[in-house]
Protein chains: 2
Amino acid sequence: MTSSGVSAPDPPWWDPPGRGEPRTTLTRDKVVTAALHVLDEVGLQGFTMRRVAQELGTGAATIYWHIADKEQLLQLVLDRVIGEIELPEPDSTRWQDQIREFARAGRAVFRDHPGVALASLGRTPVGPNLVPIMEWFLRVLGEAGVPPRAASWFADLLALVGAAQAVEDGLSVKTNNRALDGLGEYLAQLPADQFPQLTSFAAEMARGDADDRSEFALELLIRGLASYVRQ
Amino acid sequence: MTSSGVSAPDPPWWDPPGRGEPRTTLTRDKVVTAALHVLDEVGLQGFTMRRVAQELGTGAATIYWHIADKEQLLQLVLDRVIGEIELPEPDSTRWQDQIREFARAGRAVFRDHPGVALASLGRTPVGPNLVPIMEWFLRVLGEAGVPPRAASWFADLLALVGAAQAVEDGLSVKTNNRALDGLGEYLAQLPADQFPQLTSFAAEMARGDADDRSEFALELLIRGLASYVRQ
DNA sequence: ACCTGAACACCGTTCAAGT
DNA sequence: ACCTGAACACCGTTCAAGT
(Lines give C-alpha, C1' and ligand atoms only; values in the text may rest on other atoms or scores of the structure.)
Protein backbone atom coordinates (compact mmCIF):
# COMPACT_ATOMS: atom_id res chain seq x y z
CA MET A 1 0.00 0.00 0.00
CA THR A 2 2.95 2.35 0.58
CA SER A 3 4.85 3.72 -2.39
CA SER A 4 8.24 2.34 -1.41
CA GLY A 5 8.65 -1.42 -1.60
CA VAL A 6 10.64 -1.77 1.59
CA SER A 7 9.45 -1.43 5.15
CA ALA A 8 10.78 -1.86 8.64
CA PRO A 9 9.86 -4.90 10.75
CA ASP A 10 6.75 -4.64 12.86
CA PRO A 11 7.16 -3.04 16.26
CA PRO A 12 6.48 -5.38 19.18
CA TRP A 13 3.00 -4.01 19.91
CA TRP A 14 1.79 -4.87 16.41
CA ASP A 15 1.64 -8.57 17.14
CA PRO A 16 -0.75 -10.95 18.85
CA PRO A 17 -2.45 -9.42 21.85
CA GLY A 18 -2.42 -10.70 25.41
CA ARG A 19 -3.56 -14.29 25.29
CA GLY A 20 -5.54 -15.23 22.22
CA GLU A 21 -8.39 -12.91 23.20
CA PRO A 22 -10.07 -11.58 20.08
CA ARG A 23 -8.97 -8.08 21.07
CA THR A 24 -10.28 -6.87 17.72
CA THR A 25 -8.68 -3.53 17.15
CA LEU A 26 -10.91 -0.60 16.56
CA THR A 27 -11.18 0.92 13.12
CA ARG A 28 -12.68 4.12 11.86
CA ASP A 29 -15.25 2.00 10.09
CA LYS A 30 -16.36 0.37 13.31
CA VAL A 31 -16.62 3.72 15.00
CA VAL A 32 -18.88 4.98 12.22
CA THR A 33 -21.04 1.87 12.46
CA ALA A 34 -21.40 2.28 16.20
CA ALA A 35 -22.21 5.97 15.76
CA LEU A 36 -24.95 5.14 13.29
CA HIS A 37 -26.40 2.64 15.74
CA VAL A 38 -26.44 5.21 18.49
CA LEU A 39 -27.99 7.81 16.23
CA ASP A 40 -30.74 5.39 15.24
CA GLU A 41 -31.40 4.42 18.82
CA VAL A 42 -31.33 7.69 20.69
CA GLY A 43 -31.52 10.38 18.04
CA LEU A 44 -29.28 13.35 17.49
CA GLN A 45 -29.87 14.99 20.86
CA GLY A 46 -28.87 11.79 22.62
CA PHE A 47 -25.88 11.29 20.37
CA THR A 48 -22.87 11.54 22.60
CA MET A 49 -19.24 10.62 22.21
CA ARG A 50 -19.48 8.79 25.51
CA ARG A 51 -22.50 6.89 24.25
CA VAL A 52 -20.70 5.87 21.08
CA ALA A 53 -17.74 4.72 23.15
CA GLN A 54 -20.04 2.68 25.35
CA GLU A 55 -21.48 1.04 22.23
CA LEU A 56 -17.92 -0.01 21.43
CA GLY A 57 -17.16 -1.14 24.96
CA THR A 58 -14.45 1.44 25.45
CA GLY A 59 -13.88 4.95 26.75
CA ALA A 60 -14.66 8.20 25.01
CA ALA A 61 -11.03 9.17 24.64
CA THR A 62 -10.36 6.10 22.50
CA ILE A 63 -12.57 7.39 19.72
CA TYR A 64 -10.35 10.38 19.21
CA TRP A 65 -7.58 8.21 17.90
CA HIS A 66 -9.70 7.36 14.88
CA ILE A 67 -11.66 10.52 14.45
CA ALA A 68 -11.00 14.24 14.71
CA ASP A 69 -14.09 15.32 16.58
CA LYS A 70 -17.82 14.90 16.87
CA GLU A 71 -18.49 17.01 13.81
CA GLN A 72 -16.32 14.83 11.62
CA LEU A 73 -17.94 11.70 12.99
CA LEU A 74 -21.34 13.04 11.99
CA GLN A 75 -20.08 13.79 8.50
CA LEU A 76 -18.77 10.26 8.19
CA VAL A 77 -22.06 8.78 9.33
CA LEU A 78 -23.85 10.99 6.86
CA ASP A 79 -21.69 9.78 4.01
CA ARG A 80 -22.17 6.18 5.08
CA VAL A 81 -25.92 6.52 4.90
CA ILE A 82 -25.81 8.36 1.60
CA GLY A 83 -23.90 5.38 0.28
CA GLU A 84 -26.93 3.20 1.00
CA ILE A 85 -29.00 4.93 -1.67
CA GLU A 86 -29.25 2.82 -4.79
CA LEU A 87 -28.95 4.53 -8.13
CA PRO A 88 -31.18 3.40 -11.00
CA GLU A 89 -29.41 2.56 -14.27
CA PRO A 90 -29.28 5.91 -16.08
CA ASP A 91 -31.90 6.33 -18.81
CA SER A 92 -32.42 9.92 -19.79
CA THR A 93 -35.40 9.15 -22.03
CA ARG A 94 -37.46 8.77 -18.89
CA TRP A 95 -35.60 11.26 -16.73
CA GLN A 96 -38.67 12.29 -14.73
CA ASP A 97 -39.29 8.73 -13.57
CA GLN A 98 -35.62 8.36 -12.76
CA ILE A 99 -35.65 11.42 -10.53
CA ARG A 100 -38.79 10.16 -8.84
CA GLU A 101 -37.21 6.78 -8.27
CA PHE A 102 -34.05 8.28 -6.81
CA ALA A 103 -35.96 10.68 -4.59
CA ARG A 104 -38.08 7.90 -3.16
CA ALA A 105 -35.02 5.75 -2.51
CA GLY A 106 -33.37 8.63 -0.71
CA ARG A 107 -36.49 9.33 1.27
CA ALA A 108 -36.67 5.71 2.36
CA VAL A 109 -33.08 5.74 3.58
CA PHE A 110 -33.56 8.94 5.50
CA ARG A 111 -36.78 7.61 6.96
CA ASP A 112 -34.83 4.66 8.31
CA HIS A 113 -32.34 7.05 9.88
CA PRO A 114 -34.21 10.17 10.98
CA GLY A 115 -31.37 11.17 13.28
CA VAL A 116 -29.06 11.28 10.29
CA ALA A 117 -31.59 13.28 8.32
CA LEU A 118 -31.65 15.86 11.08
CA ALA A 119 -27.87 15.93 11.22
CA SER A 120 -27.73 16.50 7.47
CA LEU A 121 -29.59 19.79 7.73
CA GLY A 122 -27.14 22.64 7.85
CA ARG A 123 -24.28 20.33 6.97
CA THR A 124 -23.05 20.07 3.41
CA PRO A 125 -22.48 16.38 2.95
CA VAL A 126 -19.48 16.37 0.65
CA GLY A 127 -18.24 12.84 1.04
CA PRO A 128 -16.97 10.25 -1.43
CA ASN A 129 -20.33 8.51 -1.57
CA LEU A 130 -21.97 11.65 -2.85
CA VAL A 131 -19.72 11.82 -5.87
CA PRO A 132 -21.32 9.00 -7.92
CA ILE A 133 -24.72 10.47 -7.13
CA MET A 134 -23.72 13.87 -8.46
CA GLU A 135 -22.28 12.22 -11.54
CA TRP A 136 -25.50 10.31 -12.07
CA PHE A 137 -27.56 13.47 -11.81
CA LEU A 138 -25.42 15.37 -14.28
CA ARG A 139 -25.54 12.49 -16.72
CA VAL A 140 -29.27 11.79 -16.62
CA LEU A 141 -30.32 15.42 -16.58
CA GLY A 142 -27.62 16.54 -18.98
CA GLU A 143 -28.69 14.02 -21.60
CA ALA A 144 -32.26 15.12 -21.03
CA GLY A 145 -31.29 18.69 -21.91
CA VAL A 146 -30.90 20.31 -18.48
CA PRO A 147 -27.80 22.55 -18.27
CA PRO A 148 -25.18 21.29 -15.80
CA ARG A 149 -25.51 24.14 -13.36
CA ALA A 150 -29.27 23.80 -13.18
CA ALA A 151 -28.83 20.07 -12.75
CA SER A 152 -26.42 20.37 -9.83
CA TRP A 153 -28.46 23.07 -8.13
CA PHE A 154 -31.52 20.94 -8.56
CA ALA A 155 -29.74 18.03 -6.89
CA ASP A 156 -28.91 20.27 -3.92
CA LEU A 157 -32.49 21.40 -3.71
CA LEU A 158 -33.85 17.87 -3.85
CA ALA A 159 -31.49 16.68 -1.10
CA LEU A 160 -32.41 19.57 1.10
CA VAL A 161 -36.12 19.06 0.70
CA GLY A 162 -35.83 15.34 1.20
CA ALA A 163 -33.82 15.65 4.39
CA ALA A 164 -36.06 18.32 5.86
CA GLN A 165 -39.14 16.27 5.16
CA ALA A 166 -37.63 13.19 6.73
CA VAL A 167 -36.94 15.26 9.80
CA GLU A 168 -40.51 16.44 10.00
CA ASP A 169 -41.71 12.87 9.63
CA GLY A 170 -39.39 11.77 12.40
CA LEU A 171 -40.56 14.53 14.68
CA SER A 172 -44.23 13.84 14.25
CA VAL A 173 -43.63 10.15 14.82
CA LYS A 174 -42.18 10.88 18.21
CA THR A 175 -44.75 12.25 20.62
CA ASN A 176 -42.03 14.82 21.03
CA ASN A 177 -43.75 17.74 19.38
CA ARG A 178 -47.36 18.05 20.32
CA ALA A 179 -47.43 21.34 18.41
CA LEU A 180 -48.56 19.78 15.15
CA ASP A 181 -51.31 17.74 16.73
CA GLY A 182 -53.16 20.75 18.04
CA LEU A 183 -52.46 22.82 14.96
CA GLY A 184 -55.72 22.06 13.23
CA GLU A 185 -57.84 23.15 16.18
CA TYR A 186 -55.69 26.20 16.81
CA LEU A 187 -56.22 27.39 13.26
CA ALA A 188 -59.94 26.61 13.31
CA GLN A 189 -60.62 28.71 16.40
CA LEU A 190 -58.86 31.86 15.18
CA PRO A 191 -61.13 34.91 14.65
CA ALA A 192 -62.78 34.23 11.32
CA ASP A 193 -63.01 37.87 10.28
CA GLN A 194 -59.28 38.37 10.58
CA PHE A 195 -58.25 35.04 9.12
CA PRO A 196 -61.00 33.95 6.76
CA GLN A 197 -58.80 31.66 4.68
CA LEU A 198 -57.15 29.85 7.56
CA THR A 199 -60.34 29.25 9.49
CA SER A 200 -62.21 27.89 6.51
CA PHE A 201 -59.42 25.70 5.23
CA ALA A 202 -58.00 24.60 8.58
CA ALA A 203 -59.34 21.08 8.31
CA GLU A 204 -58.22 20.66 4.74
CA MET A 205 -54.72 21.88 5.55
CA ALA A 206 -54.23 19.59 8.50
CA ARG A 207 -55.20 16.67 6.28
CA GLY A 208 -52.58 14.99 4.17
CA ASP A 209 -49.88 12.81 5.64
CA ALA A 210 -46.13 12.92 5.20
CA ASP A 211 -46.22 10.88 2.01
CA ASP A 212 -48.73 13.20 0.38
CA ARG A 213 -46.57 16.19 1.18
CA SER A 214 -43.42 14.50 -0.06
CA GLU A 215 -45.04 13.50 -3.30
CA PHE A 216 -46.45 16.97 -3.79
CA ALA A 217 -43.06 18.57 -3.29
CA LEU A 218 -41.37 16.07 -5.55
CA GLU A 219 -43.93 16.60 -8.30
CA LEU A 220 -43.67 20.36 -8.04
CA LEU A 221 -39.90 20.25 -8.21
CA ILE A 222 -39.93 18.00 -11.26
CA ARG A 223 -42.44 20.20 -13.06
CA GLY A 224 -40.30 23.21 -12.27
CA LEU A 225 -37.19 21.47 -13.52
CA ALA A 226 -38.95 20.40 -16.70
CA SER A 227 -39.19 24.07 -17.63
CA TYR A 228 -35.39 24.21 -17.75
CA VAL A 229 -35.03 21.52 -20.41
CA ARG A 230 -33.63 23.11 -23.54
CA GLN A 231 -34.45 21.69 -26.92
CA MET B 1 -57.01 42.48 32.48
CA THR B 2 -58.58 39.90 34.82
CA SER B 3 -62.20 38.95 34.36
CA SER B 4 -63.33 39.90 37.87
CA GLY B 5 -63.40 43.60 38.67
CA VAL B 6 -62.00 43.27 42.17
CA SER B 7 -58.49 42.43 43.23
CA ALA B 8 -56.48 42.16 46.39
CA PRO B 9 -53.95 44.84 47.36
CA ASP B 10 -50.42 44.41 46.08
CA PRO B 11 -48.16 42.23 48.17
CA PRO B 12 -45.21 44.08 49.71
CA TRP B 13 -42.67 42.83 47.16
CA TRP B 14 -44.63 44.34 44.27
CA ASP B 15 -43.62 47.87 45.15
CA PRO B 16 -40.62 50.09 44.55
CA PRO B 17 -37.38 48.22 44.74
CA GLY B 18 -34.45 48.89 47.04
CA ARG B 19 -33.53 52.53 46.62
CA GLY B 20 -34.69 54.05 43.36
CA GLU B 21 -32.45 51.77 41.34
CA PRO B 22 -34.05 51.06 37.98
CA ARG B 23 -34.28 47.39 38.93
CA THR B 24 -36.25 46.82 35.77
CA THR B 25 -37.98 43.51 36.17
CA LEU B 26 -37.32 40.89 33.61
CA THR B 27 -39.97 39.94 31.10
CA ARG B 28 -40.30 37.11 28.65
CA ASP B 29 -39.93 39.69 25.92
CA LYS B 30 -36.59 40.87 27.23
CA VAL B 31 -35.38 37.31 27.51
CA VAL B 32 -36.26 36.70 23.87
CA THR B 33 -34.49 39.88 22.82
CA ALA B 34 -31.37 38.89 24.71
CA ALA B 35 -31.52 35.41 23.23
CA LEU B 36 -31.70 36.83 19.73
CA HIS B 37 -28.68 39.00 20.47
CA VAL B 38 -26.71 36.04 21.68
CA LEU B 39 -27.72 33.96 18.69
CA ASP B 40 -26.61 36.72 16.33
CA GLU B 41 -23.32 37.15 18.11
CA VAL B 42 -22.15 33.63 18.79
CA GLY B 43 -24.33 31.41 16.60
CA LEU B 44 -26.38 28.41 17.54
CA GLN B 45 -23.52 26.31 18.85
CA GLY B 46 -22.50 29.11 21.21
CA PHE B 47 -26.07 29.71 22.27
CA THR B 48 -26.20 28.88 25.94
CA MET B 49 -28.69 29.56 28.69
CA ARG B 50 -25.81 30.84 30.78
CA ARG B 51 -24.76 33.14 27.96
CA VAL B 52 -28.27 34.53 27.62
CA ALA B 53 -28.38 35.10 31.36
CA GLN B 54 -25.08 36.93 31.21
CA GLU B 55 -26.49 39.17 28.47
CA LEU B 56 -29.24 40.03 30.94
CA GLY B 57 -26.87 40.51 33.84
CA THR B 58 -28.35 37.70 35.84
CA GLY B 59 -27.97 33.99 36.51
CA ALA B 60 -29.08 31.14 34.34
CA ALA B 61 -31.70 29.98 36.80
CA THR B 62 -33.55 33.28 36.54
CA ILE B 63 -34.47 32.61 32.94
CA TYR B 64 -36.47 29.59 33.89
CA TRP B 65 -39.03 31.72 35.62
CA HIS B 66 -40.02 33.22 32.27
CA ILE B 67 -39.41 30.32 29.95
CA ALA B 68 -39.91 26.57 30.06
CA ASP B 69 -36.62 25.45 28.58
CA LYS B 70 -34.06 26.10 25.89
CA GLU B 71 -36.21 24.57 23.21
CA GLN B 72 -39.10 26.91 23.94
CA LEU B 73 -36.79 29.89 23.99
CA LEU B 74 -35.57 29.01 20.52
CA GLN B 75 -39.15 28.72 19.28
CA LEU B 76 -39.92 32.16 20.69
CA VAL B 77 -36.87 33.68 19.04
CA LEU B 78 -37.88 32.04 15.79
CA ASP B 79 -41.34 33.53 15.95
CA ARG B 80 -39.92 36.93 16.80
CA VAL B 81 -37.75 36.91 13.70
CA ILE B 82 -40.56 35.64 11.50
CA GLY B 83 -42.52 38.64 12.68
CA GLU B 84 -39.92 40.91 11.08
CA ILE B 85 -40.86 39.77 7.59
CA GLU B 86 -42.98 42.38 5.85
CA LEU B 87 -45.91 41.23 3.78
CA PRO B 88 -46.70 42.97 0.49
CA GLU B 89 -50.28 44.17 0.04
CA PRO B 90 -52.05 41.17 -1.49
CA ASP B 91 -52.57 41.38 -5.24
CA SER B 92 -53.30 38.04 -6.83
CA THR B 93 -53.15 39.38 -10.38
CA ARG B 94 -49.38 39.40 -10.04
CA TRP B 95 -49.04 36.47 -7.67
CA GLN B 96 -45.67 35.39 -9.03
CA ASP B 97 -44.11 38.74 -8.23
CA GLN B 98 -45.72 38.71 -4.82
CA ILE B 99 -44.19 35.33 -3.97
CA ARG B 100 -40.84 36.54 -5.22
CA GLU B 101 -41.09 39.67 -3.09
CA PHE B 102 -42.02 37.71 0.01
CA ALA B 103 -39.31 35.14 -0.54
CA ARG B 104 -36.66 37.83 -0.88
CA ALA B 105 -37.86 39.58 2.26
CA GLY B 106 -37.72 36.34 4.16
CA ARG B 107 -34.31 35.56 2.79
CA ALA B 108 -33.04 38.97 3.91
CA VAL B 109 -34.31 38.47 7.44
CA PHE B 110 -32.76 35.03 7.70
CA ARG B 111 -29.53 36.34 6.29
CA ASP B 112 -29.44 38.88 9.09
CA HIS B 113 -29.95 36.09 11.60
CA PRO B 114 -28.19 32.98 10.30
CA GLY B 115 -28.22 31.42 13.73
CA VAL B 116 -31.99 31.61 13.73
CA ALA B 117 -32.14 30.16 10.25
CA LEU B 118 -30.14 27.18 11.45
CA ALA B 119 -32.38 26.78 14.47
CA SER B 120 -35.44 26.83 12.23
CA LEU B 121 -34.36 23.70 10.40
CA GLY B 122 -35.95 20.69 11.95
CA ARG B 123 -38.24 22.86 14.04
CA THR B 124 -41.78 23.58 12.89
CA PRO B 125 -42.19 27.27 13.63
CA VAL B 126 -45.84 27.41 14.61
CA GLY B 127 -46.04 30.74 16.38
CA PRO B 128 -48.53 33.58 16.29
CA ASN B 129 -46.44 35.58 13.86
CA LEU B 130 -46.66 32.82 11.30
CA VAL B 131 -50.44 32.97 11.20
CA PRO B 132 -50.82 36.19 9.18
CA ILE B 133 -48.23 34.88 6.76
CA MET B 134 -50.15 31.69 6.19
CA GLU B 135 -53.32 33.67 5.74
CA TRP B 136 -51.59 35.90 3.20
CA PHE B 137 -50.37 32.89 1.25
CA LEU B 138 -53.77 31.26 1.11
CA ARG B 139 -55.37 34.51 0.02
CA VAL B 140 -52.92 35.45 -2.73
CA LEU B 141 -52.53 31.96 -4.10
CA GLY B 142 -56.17 31.02 -3.63
CA GLU B 143 -57.35 34.00 -5.63
CA ALA B 144 -54.78 33.10 -8.26
CA GLY B 145 -56.35 29.66 -8.60
CA VAL B 146 -54.05 27.48 -6.49
CA PRO B 147 -55.96 25.01 -4.30
CA PRO B 148 -55.54 25.65 -0.56
CA ARG B 149 -53.67 22.49 0.20
CA ALA B 150 -51.18 23.08 -2.57
CA ALA B 151 -50.84 26.67 -1.36
CA SER B 152 -50.04 25.72 2.22
CA TRP B 153 -47.69 22.94 1.22
CA PHE B 154 -45.95 25.35 -1.08
CA ALA B 155 -45.52 27.79 1.78
CA ASP B 156 -43.89 25.06 3.85
CA LEU B 157 -41.60 24.20 1.00
CA LEU B 158 -40.59 27.78 0.43
CA ALA B 159 -39.82 28.35 4.12
CA LEU B 160 -37.75 25.21 4.26
CA VAL B 161 -35.74 26.07 1.20
CA GLY B 162 -35.21 29.65 2.32
CA ALA B 163 -33.99 28.65 5.75
CA ALA B 164 -31.67 25.98 4.45
CA GLN B 165 -30.16 28.36 1.96
CA ALA B 166 -29.61 31.01 4.59
CA VAL B 167 -27.80 28.41 6.63
CA GLU B 168 -25.53 27.51 3.76
CA ASP B 169 -24.80 31.17 3.18
CA GLY B 170 -23.99 31.64 6.84
CA LEU B 171 -21.69 28.63 6.85
CA SER B 172 -19.69 29.67 3.82
CA VAL B 173 -19.33 33.17 5.23
CA LYS B 174 -17.64 31.81 8.30
CA THR B 175 -14.30 30.25 7.48
CA ASN B 176 -15.83 27.48 9.51
CA ASN B 177 -16.31 24.95 6.74
CA ARG B 178 -13.38 24.79 4.43
CA ALA B 179 -15.05 21.86 2.70
CA LEU B 180 -16.77 24.02 0.10
CA ASP B 181 -13.66 25.97 -0.78
CA GLY B 182 -11.74 22.95 -1.92
CA LEU B 183 -14.75 21.35 -3.57
CA GLY B 184 -14.01 22.64 -7.06
CA GLU B 185 -10.48 21.27 -7.10
CA TYR B 186 -11.55 18.01 -5.51
CA LEU B 187 -14.09 17.44 -8.27
CA ALA B 188 -11.71 18.49 -11.01
CA GLN B 189 -9.03 15.96 -10.02
CA LEU B 190 -11.31 12.93 -9.89
CA PRO B 191 -10.56 10.20 -12.44
CA ALA B 192 -12.08 11.54 -15.65
CA ASP B 193 -13.01 8.14 -17.04
CA GLN B 194 -15.14 7.30 -14.01
CA PHE B 195 -16.68 10.72 -13.57
CA PRO B 196 -16.74 12.40 -16.97
CA GLN B 197 -19.55 14.81 -16.13
CA LEU B 198 -18.17 15.99 -12.82
CA THR B 199 -14.66 16.54 -14.05
CA SER B 200 -15.71 18.49 -17.11
CA PHE B 201 -18.27 20.64 -15.34
CA ALA B 202 -16.45 21.06 -12.01
CA ALA B 203 -15.56 24.68 -12.68
CA GLU B 204 -19.01 25.57 -13.89
CA MET B 205 -20.65 23.97 -10.87
CA ALA B 206 -18.48 25.70 -8.34
CA ARG B 207 -19.36 29.01 -9.97
CA GLY B 208 -22.50 30.81 -8.92
CA ASP B 209 -22.86 32.52 -5.59
CA ALA B 210 -25.54 32.19 -2.95
CA ASP B 211 -27.81 34.71 -4.62
CA ASP B 212 -27.71 32.89 -7.93
CA ARG B 213 -28.64 29.66 -6.23
CA SER B 214 -31.43 31.27 -4.24
CA GLU B 215 -32.90 32.89 -7.31
CA PHE B 216 -32.69 29.66 -9.26
CA ALA B 217 -34.50 27.74 -6.56
CA LEU B 218 -37.13 30.42 -6.20
CA GLU B 219 -37.73 30.53 -9.93
CA LEU B 220 -37.97 26.77 -10.18
CA LEU B 221 -40.45 26.62 -7.31
CA ILE B 222 -42.64 29.31 -8.82
CA ARG B 223 -42.64 27.63 -12.21
CA GLY B 224 -43.59 24.39 -10.54
CA LEU B 225 -46.36 26.05 -8.58
CA ALA B 226 -47.67 27.74 -11.72
CA SER B 227 -48.52 24.31 -13.05
CA TYR B 228 -50.99 23.88 -10.16
CA VAL B 229 -53.07 26.91 -11.05
CA ARG B 230 -56.51 25.73 -12.12
CA GLN B 231 -58.54 27.71 -14.57
C1' DA C 1 0.35 2.21 17.16
C1' DC C 2 -3.30 2.19 19.76
C1' DC C 3 -5.85 2.44 24.20
C1' DT C 4 -7.01 4.20 28.87
C1' DG C 5 -8.33 7.08 33.28
C1' DA C 6 -8.56 11.10 34.99
C1' DA C 7 -9.01 15.73 34.45
C1' DC C 8 -10.59 20.43 32.48
C1' DA C 9 -13.85 23.56 31.26
C1' DC C 10 -18.01 23.52 30.24
C1' DC C 11 -23.39 22.35 29.66
C1' DG C 12 -29.17 22.43 30.93
C1' DT C 13 -32.02 22.23 34.67
C1' DT C 14 -33.68 21.98 39.59
C1' DC C 15 -34.41 23.54 44.08
C1' DA C 16 -34.15 25.50 48.54
C1' DA C 17 -33.69 29.93 50.08
C1' DG C 18 -34.00 34.84 49.77
C1' DT C 19 -36.68 39.61 48.93
C1' DA D 1 -43.98 37.17 42.36
C1' DC D 2 -39.70 37.03 41.07
C1' DC D 3 -34.70 36.26 41.69
C1' DT D 4 -30.47 33.86 43.30
C1' DG D 5 -26.44 30.42 44.46
C1' DA D 6 -25.28 26.21 44.67
C1' DA D 7 -25.80 21.77 43.25
C1' DC D 8 -26.74 17.60 40.08
C1' DA D 9 -25.92 14.97 36.31
C1' DC D 10 -24.15 15.48 32.46
C1' DC D 11 -21.17 17.16 28.11
C1' DG D 12 -16.64 17.34 24.31
C1' DT D 13 -11.93 17.17 24.34
C1' DT D 14 -7.02 16.75 26.02
C1' DC D 15 -3.18 14.55 27.91
C1' DA D 16 0.02 11.88 30.46
C1' DA D 17 0.59 7.23 31.03
C1' DG D 18 0.17 2.49 29.79
C1' DT D 19 0.81 -1.83 26.42
Side-chain angles (χ1 to χ4, degrees), chain A residues 1-2 7-32 34-35 38-39 42-77 119 176, chain B residues 1-2 7-32 34-35 38-39 42-77 119 176:
Chain A
M1 235 21 166
T2 79
S7 69
D10 288 347
W13 46 71
W14 259 103
D15 299 322
R19 274 235 120 286
E21 295 102 271
R23 194 72 175 94
T24 49
T25 54
L26 209 49
T27 61
R28 169 177 282 209
D29 225 61
K30 284 180 198 161
V31 173
V32 173
V38 171
L39 217 35
V42 298
L44 184 60
Q45 84 279 25
F47 180 78
T48 279
M49 297 304 260
R50 287 169 150 91
R51 184 71 170 70
V52 175
Q54 175 190 322
E55 187 84 8
L56 293 164
T58 180
T62 306
I63 295 179
Y64 285 84
W65 185 262
H66 303 273
I67 241 113
D69 54 15
K70 191 185 182 183
E71 176 59 29
Q72 190 193 43
L73 182 51
L74 282 173
Q75 295 269 9
L76 292 170
V77 172
N176 200 350
Chain B
M1 235 20 168
T2 79
S7 70
D10 289 347
W13 45 72
W14 261 100
D15 299 320
R19 270 237 121 284
E21 296 102 273
R23 195 74 174 92
T24 50
T25 54
L26 210 49
T27 61
R28 171 177 281 211
D29 225 60
K30 284 181 198 162
V31 173
V32 173
V38 171
L39 217 34
V42 299
L44 184 59
Q45 83 280 24
F47 181 77
T48 278
M49 297 305 260
R50 286 168 151 92
R51 184 71 169 71
V52 174
Q54 175 190 322
E55 186 85 6
L56 292 164
T58 181
T62 306
I63 295 180
Y64 286 84
W65 184 262
H66 302 274
I67 242 113
D69 55 14
K70 191 184 182 184
E71 176 60 28
Q72 189 193 44
L73 182 51
L74 282 174
Q75 294 270 9
L76 292 170
V77 172
N176 199 350

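Just so you know, these numbers use all the heavy atoms, side chains as well, and skip hydrogens, waters and symmetry mates. These numbers come from a predicted model, not from an experiment.
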Undergrad: For C:dT19, give the paired nucleotide (Watson-Crick: N1-N3 plus N6-O4 or O6-N4; G-U: N1-O2 and O6-N3; both under 3.5 Å), or none.
TA: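 WC or wobble partner is D:dA1.
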Undergrad: Please tell me if A:Thr58 has a side-chain N or O lying less than 4.0 Å from either OP1 or OP2 of C:dC3.
TA: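 So the side chain of A:Thr58 is outside the cut-off, no N or O lying under 4.0 Å from OP1 or OP2 of C:dC3.
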Undergrad: In whole angstroms, how far is the P atom of D:dC11 from the CG atom of A:Asp69?
TA: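 In whole Å, D:dC11 P and A:Asp69 CG are 17 Å from each other.
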Undergrad: Report the C-alpha separation of A:Met49 and A:Leu73 in whole Å, then their side-chain angles, then the decisive distance to 0.1 Å, and conclude whether the side-chain contact (heavy atoms from CB on, under 4.5 Å) test is met.
TA: CA-CA 9 Å; A:Met49 297 304 260; A:Leu73 182 51; 4.1 Å; yes
Undergrad: With DNA chain C as reference, determine whether A:Gly57 or A:Arg50 sits nearer its 5' end, using the nearest nucleotide of each.
TA: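 So the residue in question is A:Gly57.
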Undergrad: Can you tell me which nucleotide in C:dT13, D:dT13, D:dG5 comes closest to the side chain of B:Ala61?
TA: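 My answer, after comparing the listed nucleotides, is D:dG5.
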Undergrad: Does the structure show a Watson-Crick or G-U wobble partner for D:dT13, both distances under 3.5 Å? Name it, or say none.
TA: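 Base partner found: C:dA7.
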Undergrad: Calculate the interatomic distance between B:Met49 atom CE and C:dC11 atom C1'; express it in whole Å.
TA: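 Rounded to whole Å, this separation is 11 Å.
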Undergrad: For B:Phe47, is there any backbone N or O sitting under 3.5 Å from a side-chain donor or acceptor partner on B:Lys70?
TA: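 Confirmed, B:Lys70 side chain pairs with B:Phe47 backbone.
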Undergrad: Give the nucleotide from the list C:dA6, D:dT13, C:dG12 with an atom nearest to the side chain of B:Tyr64.
TA: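 It is C:dG12.
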Undergrad: Just N and O in the side chain of A:His66: are any of them under 4.0 Å from OP1 or OP2 of C:dC3?
TA: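 Yes.
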Undergrad: Main chain of B:Ala60, side chain of B:Arg50: is a donor-acceptor contact present, judged purely on distance under 3.5 Å?
TA: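 No, because the side chain of B:Arg50 does not come within donor-acceptor range (under 3.5 Å) of the backbone of B:Ala60.
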Undergrad: May I ask you to verify if any side-chain N or O of A:Trp65 is less than 4.0 angstrom from the OP1 or OP2 atom of C:dC3?
TA: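 No, no such contact exists.
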Undergrad: Mind checking the CD-OG1 spacing from B:Glu55 to B:Thr48? Nearest 0.5 Å is all I need.
TA: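 Output value for this atom pair is 12.5 Å.
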Undergrad: Using atom CZ of A:Phe47 as one end and atom P of D:dT13 as the other, report the distance to the nearest whole Å.
TA: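 Going from A:Phe47 (CZ) to D:dT13 (P), I get 10 Å.
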Undergrad: Base, sugar-phosphate, or nothing: which does B:Thr48 touch, judged by heavy atoms less than 4.0 Å apart?
TA: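 Sugar-phosphate contact only.
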Undergrad: Please state whether the phosphate of C:dT4, meaning OP1 or OP2, lies under 4.0 angstrom from any side-chain nitrogen or oxygen of A:Thr62.
TA: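 Checking C:dT4 against A:Thr62, a side-chain N or O does come within under 4.0 Å of OP1 or OP2.
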Undergrad: What's the shortest heavy-atom distance between B:Ala35 and B:Val77, and which atoms?
TA: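 Closest heavy-atom pair between B:Ala35 and B:Val77: CB-CG2, 3.6 Å.
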Undergrad: Could you give the NZ-to-C1' distance, from A:Lys70 to D:dT14, as a whole number of Å?
TA: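 Taking atom C1' of D:dT14 as the reference, NZ of A:Lys70 is at 17 Å.
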Undergrad: Just how far, in rounded Å, is C1' of D:dT14 from CD1 of A:Ile67?
TA: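 Spelled out: CD1 on A:Ile67 to C1' on D:dT14 is 17 Å.
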